[in-house]
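Here is the structure we will look at.
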Amino acid sequence: MTTLGTRPLDSFADNDQKPVGYGRMLRKEDPRFVRGLGHYCDDIQLPGMLHMAILRSPFAHARIVSIDTSRALAHPKVKAVVTGADLAEKGLAWMPTLSNDVQAVLATDKVRFQGQEVAIVVAEDRYSARDGLELIDVQYDPLPPVVDVRHALDPDAPVIRDDLEGKADNHCFDWETGDAAATQAVFDRAEVVVSQDIVYPRVHPAPMETCGCVADYDRVSGKLTLWTTSQAPHAHRTLYALVAGLPEHKIRVVSPDIGGGFGNKVPIYPGYVCAIVASLVLHKPVKWMEDRSENLISTGFARDYLMRGEIAATRDGKILAVRTNVLADHGAFNGTAAPVKYPAGFFGVFTGSYDLEAAYCHMTAVYTNKAPGGVAYACSFRITEAVYLVERMVDVLARELDMDPAELRLRNLIRPEQFPYTTKTGWVYDSGEYERALRLSMETAGYEDLRKEQAERRARGELMGIGLSFFTEAVGAGPRKDMDILGLGMADGCELTVHPTGKAVVRLSVQTQGQGHETTFAQIVAEELGIPPADIEVVHGDTDQTPFGLGTYGSRSTPVSGAAAAMVARKVRDKARIIASGMLEVSVADLEWEKGAFQVKGDPTRSVTIQDVAMRAYGAGDLPEGVEGGLQAEVCYNPENLTYPFGAYICVVDVDPGTGAVKVRKFVAIDDCGTRINEMIIEGQVHGGLTDGVGMALMEMIAFDEDGNCLSASLMDYLIPTALEVPDWQTGHTVTPSPHHPIGAKGIGESATVGSPPAVVNAIVDALAPFGIRHADMPLTPSRVWDAMQGHPLPPV
Amino acid sequence: MKVSLTVNGDPVTAEIEDRLLLVHFLRDHLGLTGTHWGCDTSNCGTCVVWLDGEPVKSCTVLAAMAGGHEVRTVEGLERDGELDPVQQGFMQCHGLQCGFCTPGMMMTARALLDRNPSPSEGEIREAISGQICRCTGYATIVRSVQWAAAYEASQAEASQAVGSAS
Ligand code: FES
Ligand code: FES
């Protein structure tokens, strides 16, 4: 089925359709949000609650000579000041990162990036805690910083991680995938080989709500409750247990409403640990909320890859191989949040959506004096970088071959009959109808007409560009045999209880940050059980109330937890069927399931609804032999493979020849995420991602000066698109279900963030073709476009 | 210092520090947590409230400066248990995801519609351009405001029809 997304103004979401299951349905979470009654972390007020603030390093690299806290402690409203030395006494000065490195909670020996946590102040109110920071006197002995990633491995580069035993350089890890020799052989005989240096600059997720928490330790029960901006409350609970030695059953982690995550809220930050310590010591609830500058300079960034791409092809446009060499900037601590066996995330899908003969990647990751992090900002574990690389390279090749970029892609896309398709780097793409999606995007955009218009405008000296991208994502981590985070398998639990009156409660291990889980998951269960979504309560984000699972990031909620929700509902349905057979006095085999009711085959007058069955399950009458009372079930879903959503995007830009300013005039996004649960929510996910992509392509970058000062420490300097910088989006879709997912769904949360940057950049480079350039690096701000127009596009480092 | 003002129609008097920002006064002192805070530099607009009917960024107004004035927050949009059409529009058109920017967006939208009952897409984008939404990509916010405008126009028409019939 191929349908075009409609977006005329009369196509508003309509609950009159009242879907019992999939379909456009208004969100269950919205009534509280539109009333201003959401419950975010900073909204929490507890009796006696204290406020914490963090003193951060002004230097990128410096030895700490001394810290004098006496004046701060003398402040009448300050209750405590804690330094790294204090934490070291408790063995808490360092903590593990999500990628088996360690990170300082509070610096003890030296600071390794500007903004690093040095001390905390706990005071009676927000403002006094900040006053206390001003009263701490730290003496630093500045050291030369490593800022330019290209020089991090120079023999004379200062060693950042001298905390690591025997560490004498800034090397973080090396990683490779694919077959180097086979790829070399293909390159050797290829008719056409092109290479290009490509930078994916450091960017930041910058959710509108910054990170923070409220830690509340009850010294009588010994129970710690942590309300926190976490995308992964269960993983966080286990890690707190492992790090702080707190018994896991005495830790409750709650993610209340979250004001956007985008990966920024996956890691455990020093601030959380400090607030916990403060509450443990002071026996009071302690709140910590970052300010915006703290969020931008110290929390999980994204990207920061310097890539050399090479592509080999025949003269008539058959792509043979892709090869890349990557230099990855991981900052001062390797805080990457990715499955441990995947230090470069899922960058291995850089072979894109094309049928290749060979591929190879070698990556070197280094430490620099910059904030730690590494995977964040809706990137599906580095797929953003991978897709950007291959989609830029294909355009570079198209230019070399003097071939239309759409034609080149059509010639090389993996064909439907090749699925499941194993890539040259070992990924098994589950399903796809790529050509159909690309052709639909071209039809929707009016590709031929756009090219004609472009030719006319070019003749008049105008700079119009048309950019395509085609992407395949790998989302839904992941099969536990391959994927874990710090030893925790990436499976997700789900529990479902149907109450006697037929109302249901479903408990998820994942957590929403705006994706609408309270709606979508109710719809999944509704589809399986025939209970209206309004009668299904979705519980999530509280470790005391939900089963274990790894949380929401990397577009894994629908692929993993969505599958768990469908499976648990089916389990309940199976039990209901047995009870129904008793009620109708027929064998199980004689029953038919008609969404919401079991009826006797051939006799529709004899039926019982799921609600009837629920009442019987708890009722006084006898149940069939061997059936326990109650109607509930639980599952833990271990995905057998990732899901591989894909899409075709077309962007049209106009570049002002006088100023270099880029206007995104039109954007067509055709997405295929398999079975679609809620059209409205899917469209919203796509719109948001497209905006992120335009932001990265045109304006977003975390920049540093040569001393390691972060130049993007506020929303005045770190630019995010407003309503004026983005067009109205034209979305559409095809549906190619995932064969291994119980409902055929694939993830959609990050598709657009992954797919849109290359479309925008390809469009701009296309617009600038008259200037003879074939590549320009993001962010393509007016001044950088201007440089490109002079024939000298500069890398942003 | 002492400050007296009206918040959502109710008179409020409080003893405050002179440096207290209006956003913190509303959130921490009055418990009106629908107004959010999202930046240090007056860029994000998650904090937008009305001061005497004019949208302002409450992170850039001292609580003291609001003394003697009327403040309206998102909690004051609903009237007699009836959602404002702007609130309905945001629900109908998926104008929100995480909901963090939403109160500020809706306060600006309400102010816009009060002045201009049928704004163009460009006028709506212009009106919210001092605010950031990291989730929605804005198109659905624009549609939400258009929904509210259309709804209000249809209501006005209906009441006119009733008026001329009687
Ligand atoms: S808090 Fe960002 S503009 Fe007010
Ligand atoms: S809905 Fe999340 S910032 Fe707007």
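Both backbone and side-chain heavy atoms feed into the values below; hydrogens, waters and symmetry mates do not.
Residues of residues 46-74 of chain B that come within less than 4.5 angstrom of chain A, heavy atom to heavy atom, are B:Thr46, B:Val74 in numerical order. Proximity to chain A at a heavy-atom threshold of 4.5 Å picks out B:Arg19, B:Leu20, B:Leu21, B:His24, B:Arg27, B:Asp28 from residues 19-29 of chain B, in numerical order. Scanning residues 9-18 of chain B against chain A with a 4.5 Å heavy-atom cutoff picks out B:Glu17, ordered by number.
Contact record, A:Val726 with B:Gly137: CG2-O, 3.9 Å, taken as the closest heavy-atom pair. Closest approach of B:Thr140 and A:His687 over heavy atoms only: CG2-ND1, 3.8 Å. Of all the heavy atoms in A:Phe33 and B:Leu96, the pair that sits closest is CB-CD1, 3.3 Å. What you find for A:Leu715 and B:Cys39 is that their closest heavy atoms are CD1-CB, 3.7 Å.
For the set A:Gln515, A:Gln685, A:Arg126, A:Met289, the entry with the most heavy-atom pairs within less than 4.5 Å of chain B is A:Arg126. Highest contact tally toward chain B, considering only A:Thr210, A:Ile720, A:Thr512, is held by A:Ile720 [criterion: heavy-atom pairs under 4.5 Å]. Between chain B and the options A:Leu296, A:Leu37, A:Val686, A:Asp131, the largest number of non-hydrogen pairs under 4.5 Å is found for A:Asp131. In terms of heavy-atom pairs under 4.5 angstrom with chain A, the leader among B:Gln131, B:Met105, B:Gln88, B:Met106 is B:Met106. Considering only heavy-atom pairs separated by less than 4.5 Å from chain B, the leading option among A:Met208, A:Glu29, A:His39 is A:Met208. Counting heavy-atom pairs closer than 4.5 Å to chain B, the top residue among A:Ile681, A:Leu690, A:Asp257 is A:Ile681. Ranked by heavy-atom pairs under 4.5 Å with chain B, the list A:Gly688, A:Pro31, A:Gly260 is led by A:Gly688.
Contact annotation for A:Ala752: neither backbone nor side-chain heavy atoms come within less than 4.5 Å of a heavy atom of chain B. In this structure, the portion of A:Gln513 lying under 4.5 Å from any heavy atom of chain B is its backbone and not its side chain. For B:Gln87, the parts lying under 4.5 angstrom from a heavy atom of chain A are both the backbone and the side chain. With a threshold of 4.5 angstrom between heavy atoms, A:Asn295 does not approach chain B through any atom at all. Neither the backbone nor the side chain of B:Leu77 comes within less than 4.5 Å of any heavy atom of chain A.
For the atom pair OG1 of A:Thr519 and NE2 of B:His94, the computed distance is 9.0 Å after rounding to the nearest 0.5 Å. With rounding to the nearest 0.5 angstrom, the CD1 atom of B:Ile128 is 8.0 Å from the OG1 atom of A:Thr722. Between atom CG of residue A:Asp30 and atom OG1 of residue B:Thr102 there is a gap of 8.0 Å, rounded to the nearest 0.5 Å. One finds the CE atom of A:Met716 at 4.5 Å from the OG1 atom of B:Thr41 (value rounded to the nearest 0.5 Å). Once rounded to the nearest 0.5 Å, the distance linking SG of B:Cys93 with CD of A:Glu683 reads 10.0 Å.
Under a 3.5 Å cut-off, the side chain of B:Arg134 and the backbone N or O of A:Pro205 do form a donor-acceptor pair. In this structure a side-chain-to-backbone donor-acceptor pair under 3.5 Å is present from B:Asp40 to A:Ser293. Put simply, the side chain of A:Tyr40 never gets that close to the backbone of B:Gly34: no donor and acceptor are under 3.5 Å apart. The backbone N or O of B:Ala139 lies less than 3.5 Å from no partner atom in the side chain of A:Asp728, so there is not a single donor-acceptor pair. Between the side chain of B:Arg125 and the main chain of A:Ala723, a donor-acceptor pair closer than 3.5 Å is present. The closest donor-acceptor contact from the side chain of B:Gln97 to the backbone of A:Gly684 lies under 3.5 Å.
Side-chain atoms of A:Phe262 and B:Cys135, non-hydrogen and from C-beta on, do get closer than 4.5 Å to each other. Side-chain atoms of A:Leu724 and B:Tyr138, non-hydrogen and from C-beta on, never get closer than 4.5 Å to each other. Contact check for A:Arg35 versus B:Glu78: side-chain heavy atoms found under the 4.5 Å cut-off.
Using a 4.0 Å cut-off between charged nitrogen and carboxylate oxygen, A:Arg32 and B:Glu75 do not count as a salt-bridge pair.
Within the structure, every pair that satisfies the salt bridge (charged side-chain N to carboxylate O under 4.0 Å, His left out) test and touches residues 152-161 of chain B, not counting sequence neighbours, is listed here: B:Arg110-B:Glu152.
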